[in-house]
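Following: one structure in C-alpha cells, then a few remarks.
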Amino acid sequence: MKILSKEYYNNEELGQFRKDYLYLAESVRPMFTTSEWRLTRKYVVSGINSGAYNRDSHGISLLLKNIQICRVLHEKVGLKQPSILTVILYPLVASNCVDISEINDNFGDEASHLISCMSKVMSLYAQHGSIQDENFRRLLISFAEDVRVIICLIADRYVLMKMLNHNNDTDYRKHVTEECKCLYTPIAHRLGLYSIKSELEDMCVKYENRQMFDMIASQLQQTKKSRELYIQSFIEPIEQRIKATTDIKFSIKGRTKSISSILNKLNAQNTTLDKIYDLFAIRIIIDAPIEKEKLQCWQIYSIVTDMYVPNPKRMKDWISIPKSNGYESLHVTVYGPEQRWVEVQIRSKRMDEVAEKGLAAHWKYKGIKSEGAADLVMSSIREVLENNTSLNELKKDFSMELYQEEIFVFTPNGEIRQLPKGATVLDFAFHIHSRVGMTCVGAKVGNRNVKINHQLKSGDTVEIITNPQQTPKQDWLNIVVTSKARNRIKQGIKEIENREAETGKELLQRRFKNRKIDLNESDISKVIVKMGFKYQTHFYHALSIGELSVEDVLKVWDDMHSHVAQTDARIANSEHKAEDFDLSLNTLHQSRDTGSDVLVIDKDLKGIEYKLAGCCHPIYGDNVVGFVSVSGGIRIHRADCINIKNLQEQYPYRIVKAKWSGKSGSQYSITLRVVGHDDIGIVSNISSIINKEKDTLLRSINIDSNAGLFNGHLTIIVSDLSSLTAVIKKIKTVKGVRHVERVN
C-alpha cells in the first residue's frame with residue numbers, strides 16, 4: 001500500500017508491514033472474492049485517511065497491529081474470512097467511519113455479528129480495562145458470546161506482547177503482562193492454542209524476569225549443536241525401523257521445550273539447566289486417513305517402545321480419550337542413548353494441526369456448529385466467571401481450573417466424565433448434578449467406600465451416595481477444585497444463610513414488638529453498622545445462629561437513643577479502636593454461677609460474663625477461644641469453628657484466649673451424625689450403648705433410610721469432651737456403622 005508514509009512509520013515498521021501484507025495478499029485473499037478484496041482495501045484506505053488506524057496513547061500503530069493480528073489468526077489458528085474482517089474493520093465501525101449495517105450488506109451477517117460482539121467487548125474494556133477492576137468480570141462474560149471473539153482478543157494480546165519489546169513504558173508493559181498471564185494465557189491453553197500459549201508464557205517470563213530469560217536462552221543457544229546431534233542420533237534408528245517394517249507415511253522432528261517450561265522445571269526440581277535432560281521432545285507425525293489414524297499411531301508406539309525402554313508412569317493416551325478441547329496424541333517417555341529420558345509424541349497430521357491451532361482447526365474437520373468441544377470450553381469459562389465474588393478468586397480459578405490436566409472417570413452405567421486432575425468425589429457429584437452435589441455424603445469407588453474429599457484417579461468408577469438431610473458446608477470449598485462445584489456450594493451456603501437470616505429478623509422483630517418499639521429500617525441500619533456488619537443478611541444470620549444475641553442489639557439500640565452510657569458507647573465504636581477492647585475486659589461482670597464449670601479468659605480473668613456460641617456448641621474440654629461482643633460480653637467458640645475463623649480475619653483484636661479450668665459440672669446437648677448400613681437392630685444397638693454410658697443421656701434420634709443406608713441424627717447429653725469421645729468411639733464399634741461425626 002503506497003499510502004504508508006515514512007513520515008508516520010520508521011523503516012522497521014514499514015518492512016514488517018510489507019511482509020505481513022504480502023502474506024495476506026497471497027494466503028488470505030483466496031477467502032475473498034475480487035470485489036470483496038477491493039472493497040476491504042478501500043475501507044482500509046479510508047480508515048487511514050480518517051485517522052481510524054492512528055497510534056494509540058502508548059505509541060502502538062493500530063494499522064500495523066491489526067495487520068499482524070490477521071496474519072496470526074490465519075497462520076497460527078486458521079480462522080476464516082469473518083474473523084479477519086472483524087479485526088480489519090472494527091476500528092472503522094468504532095470511529096463511526098462505517099455503519100454496521102453496511103458491513104452486513106457487503107460481507108454478510110456473520111461478519112457483522114462478530115464485529116458487534118467485538119464492539120461490545122471493547123466498549124466495556126474502555127470502561128473497565130484493568131484486571132483489578134471488579135466490573136472486569138462483565139467484560140469477561142461478554143467474551144463467551146462467540147469463541148472467535150476470544151481468539152481474536154488472544155491474537156491481539158499475542159501481537160501486542162511482541163510489540164512491547166520495543167516499548168519504553170515499563171508500567172504499561174507490566175500491566176499488559178499481568179493481564180496476559182492471569183487471563184489470556186490460561187484461556188489460550190484451554191482453547192488448545194498451544195503454540196500461541198507457549199510463546200505468550202515465554203514473553204511473560206521475558207518481561208517479568210529478563211535476567212533468567214536471557215540466561216536460559218543463552219545456554220540453549222550454546223548447547224544447540226550438541227542437542228541437534230543427539231536428536232538426530234535418536235531419530236535415525238526409528239526412521240529406519242519404521243521404513244523397514246511398515247508402509248506408513250510419516251515425518252519426524254525434534255523441538256526444544258519453551259523457556260517458560262524449562263524455567264518451571266528449574267524451579268520445581270531446584271536444579272540447574274545442565275541437570276535437566278528432557279529439554280526437547282520428538283514428534284512423529286503420520287499421514288493417514290482418519291479411519292487408520294489410531295491403528296498406525298499404535299504401530300509407531302510399538303516400534304518406539306521395542307527400541308527404547310518406556311517409563312510407564314509417563315505414558316499418556318489422548319487418542320483413545322481426547323482432551324475436552326479436542327487434543328489427541330500419544331505421549332511416551334523412553335530411556336534413550338546416553339542414559340537420557342526423551343519424550344516422544346505420536347499423532348496424525350490432523351491431530352497435529354488441532355494440537356497447534358486448537359478448536360479452530362477442529363472446526364475444519366467437523367464444522368463449527370456440530371463441534372461440542374467449543375461449548376465445553378465456553379461452559380468451563382462461564383463457570384469460572386459468573387459467580388466469583390472477588391478478583392482474587394477469579395484469578396485463582398482461571399489459573400487453577402483452566403490450566404489443570406484432566407482425568408477420566410466413569411459413572412456406574414459406564415458413562416465417561418472428564419474432570420481436572422485433583423478432582424474429588426464432591427467435584428464429581430456436582431459434575432453430575434447440583435442437587436446430587438448438595439446432598440452428597442460419600443461415594444463408592446470400585447468396591448470401596450470413600451469420603452467426599454477422596455481424590456479421584458483416571459479409570460475410577462464412582463457411585464455417589466446422597467442423603468436428603470445433607471446441606472453444603474463452608475469447609476467444602478477447601479475440598480473441591482472445579483469452579484462449578486465452588487460456585488454451587490457458595491450458592492447453597494448463601495441460600496441457607498438467607499433462610500437463617502429471615503429467622504433472625506423475625507426473632508428481632510418479635511422482641512422489639514414486645515418492648516413496643518417500632519422497628520424503623522433506617523435506625524436498624526445504623527445499629528447494624530455500629531455493630532460492625534456491612535450487610536443486613538450477615539447481621540440477621542448472626543442473630544439466628546446465636547453469634548449475636550437480641551440483648552446485644554437492644555443495648556446498642558438503647559445507647560443510640562439515650563446517649564447516657566458513655567462507656568458502652570465507646571465499646572460499641574471500638575471496632576475502629578482495638579485498644580478499647582483491652583479496657584472493656586476490666587468492666588465485664590459475672591452473670592452466671594461458675595461453680596465447678598469454669599472458663600479462664602484472657603490473662604487468668606475468672607468470673608467473666610460469657611455465653612457459649614450456638615454455631616459450634618462448645619463443651620467442657622474443647623479447645624476454645626473468646627470473641628468480645630459489642631455489648632462487652634464474651635462469646636465462647638470452638639477454636640476450629642468456621643465462624644470464629646472468619647471473625648478472626650475481620651476483627652483480630654476482639655479475639656481473647658480462653659481455656660477450661662476446674663471440673664465439669666454442666667450438661668451439654670450435642671448432635672451426632674451416624675451413617676451406616678440399614679441393618680436390623682442397628683438403632684437399638686446404638687441406643688443401648690449410649691444409655692449404658694455414665695452421665696450420658698439419649699435425648700432424641702432421627703433416622704432416614706435410603707437405598708440400604710441410613711443417616712441418623714442423635715441428640716445426646718454429655719458432661720464433657722472425654723465423655724463425648726468415649727461415646728463416639730463405642731458407637732463406631734457397632735456392626736454396620738460406617739461413620740460418626742459431631743455436628744457443628
Side-chain angles (χ1 to χ4, degrees), residues 409-413 423-433 435-457 459-476 478-480 485 489 492 616-617 619 638 640 642 669-693 696 698-718 721-744:
V409 296
F410 297 88
T411 68
N413 296 329
T424 61
V425 164
L426 198 54
D427 284 301
F428 181 78
F430 278 102
H431 183 79
I432 298 297
H433 196 280
R435 186 172 61 252
V436 175
M438 295 291 191
T439 56
C440 176
V441 294
K444 279 188 176 180
V445 176
N447 295 319
R448 190 161 56 97
N449 293 315
V450 297
K451 296 180 179 180
I452 60 174
N453 62 351
H454 174 79
Q455 281 196 8
L456 301 174
K457 301 188 294 293
D460 283 344
T461 298
V462 186
E463 179 184 354
I464 298 297
I465 301 170
T466 62
N467 187 295
Q469 294 182 342
Q470 178 69 292
T471 56
K473 310 291 190 300
Q474 189 73 28
D475 61 349
W476 283 13
N478 300 322
I479 294 173
V480 297
I489 292 167
C616 56
H617 299 292
I619 65 174
R638 281 163 49 190
D640 59 355
I642 291 295
S669 177
I670 291 294
T671 300
L672 298 177
R673 186 167 74 92
V674 183
V675 179
H677 297 289
D678 192 12
D679 297 333
I680 297 174
I682 190 170
V683 176
S684 61
N685 290 339
I686 293 173
S687 302
S688 176
I689 279 180
I690 294 173
N691 291 331
K692 288 178 181 178
E693 285 296 298
T696 302
L698 177 61
R699 175 182 284 182
S700 66
I701 183 167
N702 182 18
I703 300 293
D704 180 76
S705 178
N706 183 29
L709 292 174
F710 82 87
N711 190 318
H713 286 79
L714 290 70
T715 302
I716 62 175
I717 305 297
V718 295
L721 182 62
S722 61
S723 301
L724 176 62
T725 303
V727 170
I728 291 175
K729 188 175 181 179
K730 290 186 178 180
I731 293 175
K732 287 180 177 179
T733 64
V734 175
K735 184 179 178 182
V737 171
R738 291 169 44 189
H739 180 67
V740 184
E741 68 176 355
R742 177 179 174 181
V743 177
N744 294 326

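Closest of all the heavy-atom pairs between Thr715 and Ser669 is CG2-OG, 3.4 Å. Residues Val425 and Ala443 share a closest heavy-atom pair of CG1-CB, 3.5 Å. When all heavy atoms of Pro412 and Thr461 are compared, the closest pair comes out as CA-CG2, 4.1 Å. In plain terms, the two heavy atoms of Val450 and Val445 that are nearest each other are CG2-CG2, 3.6 Å. The two atoms that bring Ala485 and Asp427 nearest to each other are CB-OD1, 3.6 Å, heavy atoms only.
Under the 4.5 Å side-chain criterion, counting only non-hydrogen atoms from C-beta, Arg738 is not in contact with Val441. Counting heavy atoms from C-beta outward, Leu456 and His454 have side chains that approach closer than 4.5 Å. Between His677 and Lys735 there is no side-chain heavy-atom pair separated by less than 4.5 Å.
The distance from atom NZ of Lys451 to atom CD1 of Ile479, rounded to the nearest 0.5 Å, is 10.0 Å. Atom CG of residue Asn478 and atom CD1 of residue Ile489 lie 9.5 Å apart, to the nearest 0.5 angstrom. Here CG of Asn685 is found 14.5 Å from NZ of Lys730. Values are rounded to the nearest 0.5 Å. Atom CG of residue Leu724 and atom CD1 of residue Ile716 lie 5.5 Å apart, to the nearest 0.5 angstrom. Atom OG1 of Thr424 sits about 9.5 Å away from atom CZ of Phe430, to the nearest 0.5 Å. For the atom pair OG1 (Thr733) and CD1 (Ile686), the distance works out to 9.5 Å, reported to the nearest 0.5 Å.
The backbone N or O of Val462 sits nowhere less than 3.5 Å from a side-chain atom of Asp460 that would complete a donor-acceptor pair. Of the possible donor and acceptor atoms, one in the side chain of Gln470 sits under 3.5 Å from a partner among the backbone N and O of Cys440.
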As a quick check of understanding, evaluate side chain to side chain contact (heavy atoms under 4.5 Å, CB included) for Asn467 and Val675, giving each step before the final call. CA-CA 10 Å; Asn467 187 295; Val675 179; over 6 Å; no

For Arg742 and Leu721: C-alpha separation, side-chain torsions, deciding distance, then whether side chain to side chain contact (heavy atoms under 4.5 Å, CB included) applies. CA-CA 11 Å; Arg742 177 179 174 181; Leu721 182 62; 3.9 Å; yes

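Salt bridge status for Arg638 with Asp640: present, with a side-chain N to carboxylate O gap under 4.0 Å.
Annotation: side-chain contact (heavy atoms from CB on, under 4.5 Å) contacts of His433 (sequence neighbours excluded): Arg435, Val436.
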